[in-house]
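In this text the structure is predicted, and so the values were computed from the model without any measurement. Counting starts at 1 for both ligands and their atoms, following the listed order.
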Amino acid sequence: MSIPTLPRVFSGVQPSGLPHIGNYLGAFRNYLAMQEGHDAIYCIVDYHALTSTHDAERIRQNGYEMAVGLLALGLDPERAVLFRQSDRPEHAELAYLLSTVVPVSWVERTPSFKEKKRTQPDDINHALLTYPVLQTADIGIYHARYVPVGRDQAAHLELAREIIRAWNSRYGDVFVEPEAVFTDSPLIKGTDGATKMSKSVGNTIDIFAPEDVIRKQIMSMVTDTQRILRTDPGRPEVCNVCQLHRFFGDDFETIWEGERTARTGCVDTKRLLADRILAFFAEARERRLEIESRPGYVEEVLRAGAERLAPLAAETMREVRHRMGLGSR
Ligand code: TRP
């Protein structure tokens with residue numbers, strides 16, 4: 001008789017400090033949902049962060065804050081594993097081994113690499129090129145099948161599948177081909193209404209900031225730029241505020257109608273959104289304070305998470321090293 005196993009889930013998130021609503025709507029909703037009925041593993045990817053951040057204290061602090069945020073949002077360390085990538089250095093070894101099957105052209109044409117060439121032209125380091133290979137190692141080492149991520153990660157997941165196919169065809173079927181799992185939200189735009197919500201751009205709506213900060217962020221949002229006068233009809237399809245209302249209440253149709261008919265103005269709709277977002281995350285905000293008041297708790301969760309994964313990682317590495325001809329017979 002075999003022991004029934006749950007489908008394995010893996011995802012990684014950059015240590016970028018306390019999470020914002022883009023993190024939540026894009027991926028974390030699925031992190032939380034997939035704790036049920038799955039064997040879920042979530043990772044703070046600090047090795048990946050080194051490709052763009054060179055301040056050691058910031059990496060550490062931002063990783064801690066991301067972990068706090070995930071726990072506050074409802075990640076339950078009794079059900080899912082939460083750990084820090086660098087606490088399982090096998091990820092780095094596996095990335096190296098996988099890189100031997102990856103043609104340079106595959107990683108050179110990765111959209112995120114091309115984007116980095118534009119956004120950090122003075123720091124095109126080699127680890128940027130190999131970023132998706134490390135991401136493949138993260139997933140592959142635990143044989144994860146499902147990978148909840150934001151839509152911006154689609155290309156990385158496609159590449160991960162290709163890398164795994166390439167390795168498997170050279171050395172045998174060890175790795176599982178992973179599948180991206182997206183939420184029902186499109187790519188979440190920031191308060192500028194123009195680019196992906198991200199801390200580095202500075203266009204976030206935060207979850208854990210003080211209430212007045214969150215209200216200010218929402219009140220500063222760019223709406224329908226063609227709606228000039230209060231009496232002009234609004235276009236909810238292109239208004240980022242209206243789009244966000246979809247996820248924080250079940251009456252967005254009514255709100256949209258108010259905009260279309262100019263019964264409501266942008267300011268009303270923003271105020272309502274701020275109230276709803278604050279109410280939606282009230283419990284998580286409370287829990288965060290509680291978590292932060294327990295010295296050593298988060299560190300202990302991360303340590304225990306990494307420890308729980310040790311046998312799995314060791315088993316994969318043993319098999320991979322053996323098949324690649326490394327170590328003794
Ligand atoms: N690249 C992902 C991001 O920026 C983070 C990540 C690293 C990841 N390793 C992963 C996501 C493995 C899913 C699976 O969001």
Side-chain angles (χ1 to χ4, degrees), residues 7-17 19-31 34 38-53 59 62-63 66-67 69-70 75 80-92 94-95 98-99 107 110-116 119-120 127-164 175-183 185 187-188 195-201 204 305-306 309 312-313 316:
R8 170 92 26 91
V9 167
F10 182 95
S11 192
V13 60
Q14 287 266 355
S16 51
H20 51 72
I21 70 162
N23 297 124
Y24 179 79
L25 294 174
F28 292 179
R29 284 192 288 161
N30 278 342
Y31 280 31
M34 293 178 105
H38 297 81
D39 178 3
I41 303 171
Y42 301 122
C43 178
I44 314 279
V45 296
D46 53 351
Y47 283 144
H48 279 103
L50 294 172
T51 57
S52 301
T53 308
I59 298 251
N62 283 350
M66 183 52 81
L70 282 165
L75 194 152
V81 173
L82 178 65
F83 78 112
R84 183 166 44 209
Q85 190 183 31
S86 61
D87 287 342
R88 284 262 60 90
E90 295 95 329
H91 288 235
L94 183 57
L98 290 178
S99 76
V107 282
T110 304
S112 62
F113 181 64
K114 290 191 191 158
E115 189 180 321
K116 286 291 180 182
T119 56
Q120 53 180 64
L128 276 177
L129 195 59
T130 205
Y131 184 111
V133 185
L134 177 58
Q135 182 161 348
T136 308
D138 297 339
I139 302 165
I141 200 165
Y142 306 114
H143 307 290
R145 174 168 303 280
Y146 300 112
V147 185
V149 278
R151 286 176 196 274
D152 61 310
Q153 293 298 306
H156 283 156
L157 263 291
E158 271 317 308
L159 191 48
R161 292 164 65 88
E162 281 186 273
I163 293 169
I164 277 175
F175 295 110
V176 172
E177 266 184 53
E179 244 174 75
V181 179
F182 302 119
T183 65
S185 35
L187 197 89
I188 302 295
T195 52
K196 181 183 99 165
M197 187 177 291
S198 101
K199 195 170 169 194
S200 54
V201 179
T204 60
L309 297 174
L312 278 176
T316 306

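When atom types are taken as modelled, the side chain of N30 and the backbone of A27 share no donor-acceptor pair closer than 3.5 angstrom. Here the side chain of Q85 pairs a donor or acceptor atom with the backbone of D46 at under 3.5 angstrom. Here the side chain of R88 pairs no donor or acceptor atom with the backbone of D138 at under 3.5 angstrom.
With a 6.0 Å radius and a threshold of 12 heavy atoms from other residues, nucleotides or ligands, R145 has its CZ atom at or below the threshold.
Protein residues having at least one heavy atom under 4.0 Å from any atom of ligand 1 are F10, S11, G12, Q14, V45, H48, Y131, Q135, D138, I139, V147, V149, Q153, listed by chain and number.
In this structure, NE2 in H91 is found 3.0 Å from OH in Y142, a value given to the nearest 0.5 Å.
Y31 pairs with exactly one of Y146, Y42, F10 by the ring pair (Phe, Tyr, Trp, His ring centres under 6.0 Å) rule, that one being Y42.
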